[in-house]
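Heads up: the structure comes next, in structure tokens.
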Amino acid sequence: VSEQQLTHLTLLDVSDRELLLLVRDHANSGGFVFAGQIATVLDIGGERPGRTVASRFSWLKRLGALERASKTDAYGTDEESGQLGWYLTDLGLAIATGKLKKATEQTLDGMDPGALILLTRWLGGRVSQNGVGRFVDREYRFGRGGRR
Amino acid sequence: VETATPVANGAGPAVAPVEPSALDQIKARARQELAELLAPLTARRAQLEAELAAIVTQEQEIHRTRAALDGSPSVEVKRKPKSSVGKGQHDPSQKTLDDVYAVFARAGKDLTCGEVGELAQLSRTTVMRCVQILRDNERLRLVGTRKEADDTRVGGRGSNAYVVMP
């Protein structure tokens, strides 16, 4: 990723996990963050930098990692712009900060290629039951491709 | 600083102070000697890296020629998409990656590539490439942009700052 100013916010510019951690870092006392705030932190250029971030937030909301504040939530509305904030769901927090247990990691590291394929098949079935399939797709795509 | 000197009356060694300027001279000489020791090692490393790159190229040539002789489709090495960072350079070594990561881990706060370059004595381009790889491996994360201490440009964009991934 170059040091040039961002005018968009794709998965390869800032990963989902990075974005969720920014939400955690910059949340106000009510746990809410505003799209314009993150656009300022990342110094996003263009005509509507806040909208660029809001677009990614909407996507994370569809995946279940973020949720939108309601008008009645304390600290949930930006006083300047009047826009509603966003907050991390339990799933979002788990994606941002969760880690595999050491023993699980060692077991997975020790798997041979055949077992890995069986695991992938099992994972395919399991995630579609849990409704996190699209998120897993993104994680897999990011892990395979990366930014390089 | 004191040093022992022999005394003519045989009463044992007497202690004479060493001038601070003499100590500075010793330090300067030691620095120079270390720099002289380091220079050939750095040159040797660069030479070995160049040799390794040449060997890899030859190896690929042989594989391609052999595949052509066997009539099987040649296996092309998948090229990475061009990047504006580190153009024409190969990936940094594992040691460089570890060094860069160690700087971030020790700092305990967000750092820009320029700052890490100074701390690890690496070029900014190398650090940027390392950061890119470490972000891909989810070991570092972007936390925003900020002005570096030595950046005096008016209205210029700050540099990206990174920290260790939790």
Side-chain angles (χ1 to χ4, degrees), chain A residues 1-27 33-46 49 52-53 56 88 92-100 105 108-109 135 138-148, chain B residues 77-92 97 100 104 108-117 123-148 150-151 153 155-166:
Chain A
V1 175
S2 73
E3 296 273 292
Q4 288 169 354
Q5 188 174 39
L6 291 172
T7 52
H8 44 67
L9 198 61
T10 69
L11 185 59
L12 300 186
D13 296 319
V14 178
S15 71
D16 287 338
R17 193 175 173 199
E18 286 177 313
L19 203 52
L20 292 172
L21 282 165
L22 283 175
V23 172
R24 184 200 65 170
D25 292 349
H26 295 276
V33 89
F34 304 96
Q37 196 184 342
I38 298 298
T40 307
V41 168
L42 293 174
D43 190 23
I44 296 175
T52 307
V53 176
R56 272 293 289 280
L88 277 176
L93 189 63
I95 292 164
T97 58
K99 272 186 176 176
L100 282 179
E105 210 169 278
L108 291 170
D109 278 341
F135 225 125
R138 278 167 79 84
E139 282 289 322
Y140 189 72
R141 200 150 42 92
F142 181 79
R144 290 289 309 275
R147 294 180 188 82
R148 285 177 278 169
Chain B
V77 178
K78 197 176 173 186
R79 287 182 183 275
K80 288 171 186 168
K82 283 184 180 176
S83 158
S84 57
V85 179
K87 204 171 263 188
Q89 292 179 4
H90 45 78
D91 282 350
L97 284 172
V100 169
F104 279 105
K109 59 169 187 166
D110 63 274
L111 293 173
T112 64
C113 290
E115 289 166 345
V116 175
S123 76
R124 194 164 175 272
T125 315
T126 303
V127 176
M128 283 172 77
R129 187 77 189 107
C130 289
V131 165
Q132 213 172 36
I133 293 168
L134 290 168
R135 279 181 76 197
D136 285 347
N137 296 337
E138 301 215 314
R139 295 179 73 195
L140 291 183
R141 69 182 177 104
L142 176 68
V143 290
T145 59
R146 64 176 169 80
K147 282 252 185 190
E148 289 183 66
D150 60 346
D151 189 354
R153 291 172 297 177
R157 183 182 183 266
S159 301
N160 287 345
Y162 307 90
V163 292
V164 169
M165 192 66 100

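In what follows, chains carry the letters A, B, and so on, assigned in the order in which the sequence lines appear, proteins first and then strands, with residues in each chain numbered from 1.
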Would you call B/Met165 and A/Leu21 a side-chain contact if the rule is heavy atoms closer than 4.5 Å?
yes
Check ion pair A/Asp25-B/Arg141 (N to O, under 4.0 angstrom)
yes
How long is the gap from CD on A/Glu18 to CD on B/Glu138, to the nearest 0.5 Å?
8.0 Å
All heavy atoms of B/Pro166 vs all of A/Ala96, minimum pair found to be CG-O, 4.2 Å
Exercise: identify the closest heavy-atom pair between A/Leu22 and B/Leu142:
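Nearest heavy atoms, A/Leu22 then B/Leu142: CD2-O, 4.0 Å.
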